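All remarks here apply to the structure that follows.
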Amino acid sequence: QPVVEAKQVNKVYGGKGNVYTALDQIDLTVQEGEFVGIMGPSGSGKSTLLNMLATIDQPTSGDIVIAGTSILKMNEEQLSIFRRDRLGFIFQDFNLLDTLTVRENILLPLALAKMNIHELERRVDEIADKFGIRQILDKYPTHISGGQKQRTAASRAIVSKPSLILADEPTGALDSKSATDLLESLRDLNEQDKSTILMVTHDAFAASYCKRVLFIKDGRMFTELVKGHANRKE
Ligand code: ADP
Ligand code: ADP
């Protein structure tokens with residue numbers, strides 16, 4: 001059974017003669033253990049689609065199916081439990097809290113989990129080793145590099161062992177060394193821990209780490225690059 005599916009998803013912004021179709025009949029199935037990339041130019045609908053799959057935003061029409069259950073059949077409480085327990089989201093701009101240390105930021109998603117302090121410590125150490133940030137665990141975000149921030153954000157995204165990791169331009173703000181480190185960590189998560197990952201990027205190097213790459217342009221999805229699509233006749 002797929003981890004998440006988008007079925008005939010449309011997203012329209014605005015109204016009254018000022019409508020803008022950000023997503024146009026998107027169909028997407030992500031199976032367990034996949035590492036899928038979604039590429040497309042700025043404004044093509046990548047973030048909008050990711051927000052739908054994360055259930056942060058709702059489609060105008062169509063459906064999102066999570067582990068076999070339609071979001072149309074889930075109430076707000078069930079959706080928030082899904083987001084908390086099953087989903088890891090890596091944001092482009094990190095979204096770290098500057099008043100908390102790296103360790104505390106990583107532990108945030110487990111704040112409500114019934115785990116004892118030793119389990120929590122062990123989990124953080126394990127993840128910090130995976131992402132090579134053990135030596136900065138007690139520092140504050142304002143005192144670490146961009147690459148370290150992104151790896152902290154990635155650590156936070158996976159600390160609850162989510163069944164699906166959604167990453168929005170995770171290398172967008174990184175130099176190439178940091179980007180490579182993060183991508184290799186994501187690849188390890190996928191190959192060793194069998195994490196399912198969906199990554200939005202407009203960087204071909206980042207996309208080269210994905211096992212399957214889809215393309216989105218003007219809100220429409222393609223399974224391969226369509227040359228001259230801008231001139232394509234409907
Ligand atoms: P990408 O992530 O590929 O850059 P987005 O999903 O952010 O693209 O945006 C797709 C299109 O939808 C863009 O033209 C954007 O301006 C528009 N858009 C996104 N969010 C909104 C919104 N809340 N209201 C109106 N238009 C929006
Ligand atoms: P990204 O860098 O991921 O493409 P954007 O800069 O396009 O993100 O959008 C950032 C935020 O602003 C998103 O939450 C998006 O929904 C919102 N947004 C984008 N375009 C518009 C728009 N034309 N009107 C209102 N909100 C928008």
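Note that ligands are numbered from 1 as they come in the structure, with each ligand's atoms numbered from 1 the same way. Note that these values count all heavy atoms, side chains included, but never hydrogens, waters or copies made by symmetry. This structure is a prediction, so every number in the text was calculated from the model and none was measured.
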Taking only heavy atoms of [X], which atoms of ligand 1 are found under 4.0 Å from at least one of them?
X   : result
S44 : 1 (P), 3 (O), 8 (O)
K46 : 1 (P), 2 (O), 3 (O), 4 (O), 6 (O), 8 (O)
P41 : 3 (O)

Does a salt bridge link R103 with E121, judged by any charged N lying under 4.0 Å from a carboxylate O?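 Looking at E121 together with R103, the answer is yes, because their closest N to O distance falls below 4.0 Å.
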Would you please determine whether G219 falls within less than 4.0 Å of ligand 1 on a heavy-atom basis?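 Outside the 4.0 Å threshold, so no.
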I'd like to know whether ligand 1 has G40 as a neighbour, heavy-atom separation below 4.0 Å.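 For ligand 1, residue contact (heavy atoms, under 4.0 Å) with G40 is absent.
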Contact list for residues 56-80, test salt bridge (Lys or Arg N to Asp or Glu O under 4.0 Å), sequence neighbours left out: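 Checked against salt bridge (Lys or Arg N to Asp or Glu O under 4.0 Å) - neighbours excluded - the pairs reaching residues 56-80 are K11-D57, E76-R83.
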Return the option from D168, N51, T48 holding the heavy atom at the smallest distance from atom 6 (O) of ligand 1.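 Among D168, N51, T48, the closest heavy atom to atom 6 (O) of ligand 1 comes from T48.
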When rounded to the nearest 0.5 angstrom, what distance separates OG in S70 from CD1 in I64?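 Between S70 OG and I64 CD1, I get 9.0 Å after rounding to 0.5 Å.
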Taking distance alone, with no angle check, do A22 and ligand 1 share an N/O pair under 3.5 Å?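 In this structure, A22 places no N or O atom under 3.5 Å from an N or O of ligand 1.
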Report the hydrophobic cluster partners of L97, with the cluster defined as I, L, V, M, F, W, Y residues connected by side-chain heavy atoms closer than 4.5 angstrom, directly or transitively.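 Grouped by the 4.5 Å side-chain rule, L100, L108 form the rest of the cluster around L97.
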T48 and N51: side-chain donor and acceptor closer than 3.5 Å?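 No, no side-chain donor-acceptor contact under 3.5 Å.
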Would you please say whether a donor-acceptor pair under 3.5 Å links the side chains of T60 and N10?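 No, no side-chain donor-acceptor pair sits under 3.5 Å.
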